[in-house]
Structure formats: C-alpha cells, structure tokens
Amino acid sequence: MKGNIRVRFAPSPTGFLHIGGLRTALYNYLFAKHHNGKFILRIEDTDQNRYVEEAERDILDSLAWAGIEIDEGPHKKGAFGPYRQSERKDIYHKYADELIKSGAAYYAFDTTEELDQMRERLVKSGNPSPKYDSITRQSMMNSLTLPSEEVERRLEAGDEYVVRLKVPRRETIRFDDIIRGHVSFESKGLDDQVLLKSDGMPTYHLANVVDDHSMEISHVIRGEEWLSSTPKHVLLYEAFGWEMPQMAHLPLIMSPSGGKLSKRKAESDGISINTKDYMKNHYEPEALINFLAYLGWSPGDDSEIHSMESLCNLFTLDRVSKGGAVFNHKKLLWYNENYLREQSDHAIAARVKKIADDAAIQEADDQFLEEAVHLLKDRVSKIDELITMGSFFFHDPKEYDENALKKWKDDSSELVTLYKNNIVSLSTEDFKAETLKSHLEEIINLQEVGFGKLMMPLRIAVTGLGFGPDLFTSMELLGKATVLRRIDTALEKLD
RNA sequence: GCCGCGUUCGUCUAGGGGUCUAGGACGCCGCCCUUUCACGGCGGUAGCACGGGUUCAAAUCCCGUACGCGGUACCA
C-alpha cells in the first residue's frame with residue numbers, strides 16, 4: 001500500500017457506542033496500524049435532533065477501554081481539524097456553493113408538507129418509491145424551475161431552503177469496493193439527495209465527502225448499510241473533481257434471530273448492544289476485541305487467539321468476508337475465559353478487590369484472596385463470576401442452594417457429624433487438604449458408602465453450593481474454625 | 001415494490017477448477033483425568049441453498065431461482 005494511509009471512524013453521537021460501531025472502528029484501526037497509517041476519529045454530529053450529550057464521551061471511553069488509540073480527533077489535535085462536523089459548517093457551505101455554481105446542485109424551497117404531498121401523489125399514481133428526481137424536480141419549487149429573480153428574492157428574504165444534488169437522469173455509476181469488487185448502480189434509482197439541510201447543517205452525504213477529501217482520508221471503511229448511498233458520494237467526488245478514497249464496505253453483524261443487530265433484536269436475544277455494557281459487566285477488552293476481529297474476518301490459518309498487536313500485523317481487508325456475521329455470545333465467553341486465565345492470580349486478585357462491592361473482599365488478606373482466585377479462575381468465564389462463586393470464602397452460607405440440597409439425604413447429618421468428630425481434634429497445622437481428604441476416606445470406608453455420599457453434604461455445609469473448587473483445598477484455606485462453625489450451622493438447619 | 005449486496009457444519013470461518021471421502025474454532029455429545037464441579041486431553045456430531053450450464057474435472061467460473069440482509073428521509 002503506497003502513500004499515507006489515513007482512515008477514519010466517523011460515528012454520530014446519537015447514543016452509546018454500538019458493538020457494531022466498535023467493530024468498524026477496530027477494522028479501521030487495524031488497517032491503519034497494519035500500514036503504519038493514521039486512525040482518525042470524526043464526530044458526525046450534523047443531526048441536531050438526535051444529538052445526545054454524553055455520546056461523545058462514551059465513544060471516547062469505549063475506544064480507550066478497547067485499546068483503540070486515536071491519532072487525530074476532537075481531543076487529539078491534528079492538522080486537519082476541527083474533527084466535529086458541527087464545527088465545520090462554513091466549510092460545507094463553501095462547497096455547497098461551489099456545487100451550485102457548477103450546476104451540480106440546486107436550491108430547493110419545498111416545505112415538508114409539499115414533499116409529503118408529492119410523495120402521496122406519486123404513490124397514488126402507482127409509484128411505490130417516490131423520489132425527488134430528474135422528473136419530479138420539474139414540478140417542485142427549486143432554482144431549476146423558479147425564475148432566477150424569484151430564487152434571488154427568496155434567498156435574500158431568508159426563506160428556508162435546502163441544497164439538493166442534481167442527479168443525472170440516466171447514467172451508470174460504477175465504483176470498486178475492496179471487499180465487494182465492482183459495484184454499479186443506475187442513477188435513475190437515486191433521488192436528488194439533500195446536501196444542505198434547512199437548518200444550515202450538511203447531511204451525511206455532503207459532509208462525509210467534503211471531510212474525507214479535506215482530511216486526506218485514503219480508505220473509507222464503513223458498514224454495508226452505506227453501500228447503497230455510495231453512488232451519491234461518487235457523484236459528489238466527480239462534481240468536485242476529487243479523487244475518491246478507496247472504499248471498503250464491511251458485512252453487518254447480525255442477531256442470532258436474524259437481521260441487523262438492532263437494540264430490540266439484541267435484547268430479545270439476550271445480547272448487550274452497547275460497548276458500555278461490556279465494560280460495565282467486566283468483560284476482558286482483549287477478548288471482545290479478539291472476538292470482534294474474527295466476526296467477519298480471519299487470518300486464514302487455524303489460529304484463534306491474538307493480541308491487538310498481533311491483529312494489527314495480520315489484518316488485511318482482502319480477508320474480510322462478504323456475508324453478515326451472527327453474534328455468538330458463547331464464543332465471546334470462550335475468548336473471555338482465555339484472556340482471564342492467562343492473567344496471574346495476583347493481577348486478578350487486585351482487580352477483584354476493585355470491582356467487588358463487598359467489604360469482606362475489599363479488605364481481604366491479599367494472600368488469602370490470591371489463593372481463592374487460584375482455586376476459582378478455571379471455573380468461571382468472567383471476572384465478576386469469581387466474586388459470586390467465591391463468596392463462600394468470605395461469608396458463611398446464608399442459605400443453601402436449592403439444587404444442591406437434593407444431595408442432602410437422610411443419612412447426611414449422621415455422616416457429616418461423624419466426619420466433624422473425626423477432624424475436630426486436628427491441630428491447626430494439620431488442617432490440610434490432604435489430611436482432610438484422608439479423614440473423609442476413613443469415614444466412608446468405615447460406613448461403607450460412596451465418596452459422594454459424604455462429600456456432597458459436606459460441600460453444602462461448608463460452601464452452601466453443589467459445585468465449586470476442590471473442597472479440601474477450600475476447607476484448608478477457610479481454616480478449622482470456619483469449617484467447624486459452618487458444619488455446626490448446617491447440622492442445625494438441615495437436620 | 002424497486003435498487004444493491006450476500007449465501008460452506010447450529011454459529012464464526014478455511015477454501016480461488018483437480019491435493020476436498022471439505023480443514024479449524026465455538027457449541028453440543030461421548031470417553032479419559034478428577035472418588036465432587038470445572039480446567040485439561042482425546043474422540044464424535046454436523047455443511048458446500050437449489051437448478052441449469054462451461055470443463056476431462058466445479059464448493060471453487062457463468063446464468064437463473066430461492067432465501068437472507070441492506071437501502072429506498074431535510075437519520076447517520
């Protein structure tokens with residue numbers, strides 16, 4: 001790849017950063033870094049109505065959490081600012097004027113009501129997709145139909161107007177997409193897209209072309225939902241006489257039940273849609289990134305686990321697939337387990353202290369916590385599960401797991417009592433996993449029952465659960481006093 | 001409806017005319033390990049949407065059909 005690679009991620013601040021948006025950002029970032037290029041963040045805040053105050057902050061936080069570093073953006077000055085479209089209004093106006101002068105665009109004065117009427121009229125006469133096109137515009141109020149004095153008068157009087165792109169009547173528009181190859185559209189299927197809105201803001205179409213050009217963007221990597229408006233952008237580049245950046249339209253992320261991963265769909269499928277939720281729910285950012293990278297792309301070998309750095313090295317656009325990819329939450333969890341397990345007990349313990357809102361854990365002895373983490377971490381998918389599963393290391397069971405209780409049989413009390421009597425005389429130094437286990441074996445042999453007959457009730461008594469880390473090691477960690485106390489309580493409550 | 005883009009195991013994917021009785025991963029199932037739950041190890045399950053071409057040969061190329069998705073705004 002020759003020249004300076006510059007790509008941009010251009011979200012509109014209308015809400016929290018969508019997981020699909022994060023993937024688009026990721027692909028842009030990987031592509032940029034692979035080619036030693038720049039990753040630019042541009043805020044596309046041209047829709048005043050949908051603007052959300054906290055959205056920009058959320059985008060920044062989410063990208064930072066994910067490990068995607070911004071080279072230029074609203075908070076990282078570069079030579080091509082400003083990076084917020086709302087701060088570039090005069091630039092768009094200048095270029096809109098240029099288009100009008102060259103005849104590629106025109107003023108239109110139609111009101112919303114008039115447009116509605118036009119559409120209604122066309123639908124009634126059997127046109128299922130009414131357009132403001134080369135035919136329709138002849139019967140509308142615009143600088144193509146109105147006498148120039150009238151246009152002049154209206155503009156001077158401050159009448160509301162929009163600027164529309166004058167789409168040629170019959171023309172085949174072709175372009176090459178890195179992912180999809182040759183793509184072509186007929187101009188007759190396009191309408192005279194509004195370029196400048198009556199509130200003075202540009203639409204996406206104008207703004208994105210002007211900005212990509214003036215920010216010297218080399219590659220536009222965006223979602224497939226933009227594919228069908230690309231011909232309009234082609235027309236714009238042609239009208240300006242600018243070279244168009246290379247285009248790459250990414251496949252969409254789909255919901256397990258089908259369709260674009262929308263808020264509604266995702267929720268009913270039990271999938272979180274905002275990056276923020278993954279942060280809040282303590283996913284490992286590396287896992288999300290790795291998972292997202294593989295959702296629509298693969299390096300072509302059998303590898304699965306890659307750090308961001310490694311992904312940067314491997315990523316190329318020609319290995320992006322064309323079809324939509326279904327979000328597979330179980331695979332995400334699998335990635336999460338991988339990244340969780342490769343961290344040291346020490347590091348995880350420190351993080352657990354931070355995220356736990358349990359005073360007993362926050363104040364726990366580091367050594368003790370680390371040992372607990374060690375016993376637990378192979379059994380959970382996410383770091384927060386460690387806290388719920390390991391709660392018994394810090395608190396006596398308040399209640400006993402309903403499912404586990406099924407294993408508390410008629411003879412359980414008797415067996416547990418025998419075991420208790422057996423270990424009660426153990427000294428603190430002898431209260432070790434191995435010893436605790438051999439004592440249990442002693443009892444079951446004596447009573448001629450299976451291992452589980454005693455082990456399960458004992459587990460319930462000590463932990464309140466029917467599953468978990470190795471019981472004997474856990475008892476050793478808990479210590480004699482705690483274990484005996486819990487056994488007594490259980491005997492009382494469950495007998 | 002129209003326009004566009006897609007379609008390999010349930011899911012993510014490898015595959016670019018012969019090496020494909022289609023490879024890997026997640027999931028699921030089984031076995032081993034563990035006298036628990038997991039981890040781990042081993043094995044298994046399952047797929048080229050359909051129909052026509054082209055070719056000695058097609059998952060791979062072409063054309064249709066079906067299905068899916070996207071777009072069709074003074075939203076991005």
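By convention in this document, chain letters (A, B, ...) are assigned in the order of the sequence lines, proteins followed by strands, and residues within each chain are numbered from 1. Model, not experiment: these values are computed from the prediction.
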Using a cut-off of 4.0 Å on non-hydrogen atoms, how would the nucleic acid contact of [X] be classed: base, sugar-phosphate, or nothing?
X: A:Tyr294; result: sugar-phosphate
X: A:Leu115; result: base
X: A:Val326; result: sugar-phosphate
X: A:Gly450; result: nothing
X: A:Asp110; result: base
X: A:Ser321; result: sugar-phosphate
X: A:Met456; result: sugar-phosphate
X: A:Arg119; result: sugar-phosphate
X: A:Lys260; result: sugar-phosphate
X: A:Lys437; result: sugar-phosphate
X: A:Asp470; result: base

For [N] and [M], measure between their [atom1] atoms and round to the nearest Å.
N: B:rU65; M: B:rC28; atom1: P; answer: 41 Å
N: B:rG4; M: B:rA38; atom1: C1'; answer: 49 Å
N: B:rC3; M: B:rU11; atom1: C1'; answer: 30 Å

May I ask you to test the [X]-[Y] pair for a side-chain heavy-atom distance under 4.5 Å?
X: A:Arg486; Y: A:Thr482; value: yes
X: A:Val352; Y: A:Leu386; value: yes
X: A:Lys331; Y: A:Glu304; value: yes

| query | Which of these, A:Ile221, A:Val220, A:Leu41, sits in a side chain to side chain contact (heavy atoms under 4.5 Å, CB included) with A:Asn28? | reply | A:Ile221
| said: Students should find this one: the first and last nucleotides of RNA chain B, 5' to 3', lying under 4.0 Å from a heavy atom of chain A. What are they? | reply: B:rG1 to B:rA76
| For atom CD of A:Glu87, is the number of surrounding heavy atoms from other residues, nucleotides or ligands below 6.0 Å larger than 12? | yes
| note | By nearest-nucleotide position on RNA chain B, the 5'-leaning member of A:Val194 and A:Gly324 is A:Gly324
| query | Where each residue is assigned the nucleotide of RNA chain B containing its nearest heavy atom, which of A:Thr112 and A:Asn445 is assigned the position nearer the 5′ end? | reply | A:Asn445
| Is the ring centre of A:Tyr283 less than 6.0 Å from the ring centre of A:Tyr339? | no
| request: Would you mind calling B:rC39 syn or anti? Take O4'-C1'-N9-C4 for purines or O4'-C1'-N1-C2 for pyrimidines, and syn is within 90° of 0. | output: syn
| said: Checking the side chain of A:Arg379 only, and the main-chain atoms of A:Gly468 only, is there a donor and an acceptor separated by less than 3.5 Å? | reply: yes
